[in-house]
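Bear in mind that the values here come from a model prediction, so they are computed numbers and not experimental data.
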Amino acid sequence: MNIHTIPQIKHTESGNFFLLAGPCAIEGEEMAMRIAEKLIGITDKLEIPFVFKGSFKKANRSRIDSFSGIGDEKALKILEKVSKTFGVPTVTDIHTNEDAEMAAQYVDVLQIPAFLVRQTDLVVAAANTGKVVNLKKGQFMSPESMKHAVQKVLDCNNQNVMVTDRGTMFGYQDMIVDFRGIPTMQQYATTVLDVTHSLQQPNQTAGVTGGRPDMIETIAKAGIAVGVDGIFIETHFDPANAKSDGANMLHLDYFENLMTKLVAIRKTVNQF
């Protein structure tokens with residue numbers, strides 16, 4: 001996939017990695033606009049191609065009382081407003097076949113969650129919208145097995161597909177990133193590294209996923225160094241009080257510093 005096919009994406013000639021970033025979940029209009037404005041200022045300054053990320057619904061939750069969303073249409077309209085206000089593309093997760101058609105009316109990229117990437121009907125429904133499809137690699141899957149998920153999209157006559165590594169289960173309550181998977185999956189499609197979800201600590205006894213945000217910079221630097229095409233990072237101005245995945249999100253205040261370092265690494269890598 002050529003990232004030029006993503007509507008409204010900017011800075012594609014900069015030689016930089018592209019970025020999918022934003023909050024885990026859309027909690028309201030004010031928070032989404034605040035985060036988007038900050039990220040757009042940073043990515044314009046550093047000439048990073050940028051896609052704003054926000055889940056309109058959180059269906060994969062450990063506990064039934066966990067936050068799942070503010071309402072599907074309400075959240076999708078906020079994503080649409082971000083796109084129209086700032087002139088940037090947007091990406092959101094989908095969980096059912098019906099979600100694909102609905103979300104496609106509001107966003108530019110449909111993301112298949114890692115838990116669901118083997119669900120053929122869901123992948124096909126996303127592909128048939130004609131939108132760009134981002135396939136999260138299952139925590140339980142090898143990089144090599146992702147070629148079959150990619151092929152499902154291609155078989156729907158949709159060439160706009162990318163894959164995202166989000167770590168692999170390591171025991172019951174930890175994730176690891178095997179960086180050998182990046183060049184492997186690049187044989188099949190444009191490849192993204194989901195930095196923040198790779199640092200999750202799932203299946204905690206409290207029913208709330210933990211994380212290692214202190215390792216975000218380490219994983220991100222390593223991904224850029226091995227030549228990943230894109231980086232995925234969830235961020236929030238108040239992670240401690242975020243309604244979803246606060247334990248592994250990057251504080252928005254630290255975002256520009258990290259991006260500056262990653263751009264410098266990419267410039268070095270591009271010399272070889």
Pair S83, Q8: side-chain N/O donor-acceptor within cut-off below 3.5 Å: yes
Side chain to side chain contact (heavy atoms under 4.5 Å, CB included) between M1 and Q159, worked out: CA-CA 6 Å; M1 187 198 84; Q159 304 296 312; over 6 Å; no
Residue pair F140 / T168, side-chain heavy-atom distance below 4.5 Å: no
Any M259 side-chain heavy atom under 4.5 Å of I48 side chain: yes
Any side-chain donor near an acceptor of the partner, T260 and N257, under 3.5 Å: no
Distance (rounded to the nearest 0.5 Å) between H11 NE2 and T43 OG1: 6.0 Å
N/O donor-acceptor pair under 3.5 Å between T85 side chain and V82 backbone: no
Under the side chain to side chain contact (heavy atoms under 4.5 Å, CB included) test, residues paired with E29 that sit two or more places apart: M33, I78, K81
L116 side, atom CG; D99 side, atom CG - distance, nearest 0.5 Å: 10.0 Å
Evaluation steps, side chain to side chain contact (heavy atoms under 4.5 Å, CB included), between I35 and M31: CA-CA 6 Å; I35 295 171; M31 66 83 69; 3.9 Å; yes
E37 atom CD, over 12 foreign heavy atoms within 6.0 Å: no
Euclidean distance, N160 CG relative to N2 CG, rounded to 0.5 Å: 9.0 Å
Contact list for residues 180-199, test salt bridge (Lys or Arg N to Asp or Glu O under 4.0 Å), sequence neighbours left out: K136-D194, D178-R180
Check: G227 main-chain N/O paired with Q186 side-chain donor or acceptor under 3.5 Å: yes
Side-chain donor/acceptor of N270 to backbone N/O of K267, under 3.5 Å: no
Which atom of P143 lies closest to which atom of T184, heavy atoms considered: CB-CG2, 3.9 Å
Side chains of V133 and I112 in contact at under 4.5 Å (non-hydrogen atoms): yes
side-chain hydrogen bond (donor to acceptor under 3.5 Å, both in side chains) partners for Q271, two or more places apart: none
Pairwise distance CE(M185) to OG1(T191) - rounded to 0.5 angstrom: 5.5 Å
Closest contact, heavy atoms only, K221 versus E217: NZ-OE2, 2.6 Å
Test item: D72 side-chain N/O and K57 main-chain N/O as donor-acceptor pair under 3.5 Å: no
Point-to-point distance, once rounded to the nearest 0.5 Å, from CZ of R118 to NZ of K152: 6.5 Å
Minimum side-chain heavy-atom gap I42-I40 below 4.5 Å: no
Test side chain to side chain contact (heavy atoms under 4.5 Å, CB included) applied to R266 and K261, step by step: CA-CA 9 Å; R266 175 48 58 95; K261 292 176 181 177; over 6 Å; no
E73 side chain reached by Y106 side chain, heavy atoms, under 4.5 Å: yes
Minimum heavy-atom distance between L110 and A100, given as atom pair plus value: CD1-O, 3.9 Å
Shortest non-hydrogen contact between A103 and F56, atoms and distance: CB-CE2, 4.4 Å
CA sep, side-chain torsions, deciding dist, call: D93, S55, side chain to side chain donor-acceptor pair (under 3.5 Å): CA-CA 6 Å; D93 309 83; S55 296; 2.3 Å; yes
Which residues share a ring pair (Phe, Tyr, Trp, His ring centres under 6.0 Å) with H251, sequence neighbours left out: Y254
For H197, all residues meeting ring pair (Phe, Tyr, Trp, His ring centres under 6.0 Å), sequence neighbours excluded: F232
T90 (side chain) donor-acceptor with V88 (main chain) under 3.5 angstrom: no
Connected via hydrophobic side-chain network under 4.5 Å: I9 and L46: no
Note, C24 side chain near M249 side chain (heavy atom, < 4.5 Å): yes
From I3, I265, L262, residue fulfilling side-chain contact (heavy atoms from CB on, under 4.5 Å) relative to F17: L262
Any donor-acceptor N or O pair under 3.5 Å, side chains D238, H236: no
Side-chain donor-acceptor pair present, Q119, H95, cut-off under 3.5 Å: no
Single-linkage hydrophobic cluster, 4.5 Å side-chain cutoff, V195 and F18 together: no
Side-chain touch L193/V177, heavy atoms, less than 4.5 angstrom: yes
Flag, side chain of T268 to backbone of A264, donor-acceptor distance under 3.5 Å: yes
Gap separating the CG atom of L154 from the NZ atom of K147, nearest 0.5 angstrom: 13.0 Å
Main-chain N/O of V107 paired to K131 side chain as donor or acceptor, under 3.5 Å: yes
Cluster overlap V132 with L79, hydrophobic side-chain contacts below 4.5 Å: no
K45: partners by salt bridge (Lys or Arg N to Asp or Glu O under 4.0 Å), with sequence neighbours left out: E256
Co-membership, hydrophobic cluster, residues L76 and I94, 4.5 Å side-chain: yes
K77, NZ atom: more than 12 neighbouring heavy atoms under 6.0 Å: no
Single-linkage hydrophobic cluster, 4.5 Å side-chain cutoff, L19 and F86 together: yes
Least distance between heavy atoms, A149 atom then V123 atom: O-CG1, 4.2 Å
Residue E101 excluded, over 12 heavy atoms near CD under 6.0 Å: no
Polar contact flag, side-chain donor to acceptor under 3.5 angstrom, N248-E234: no
Exercise: do T164 and K137 side chains pair donor with acceptor under 3.5 Å: no
Distance-minimising heavy-atom pair for P113 and Q111: CD-O, 3.5 Å
Step-by-step side chain to side chain contact (heavy atoms under 4.5 Å, CB included) determination, T12 to I6: CA-CA 10 Å; T12 55; I6 301 175; over 6 Å; no
4.5 Å side-chain heavy-atom contact, K53 and V109: no
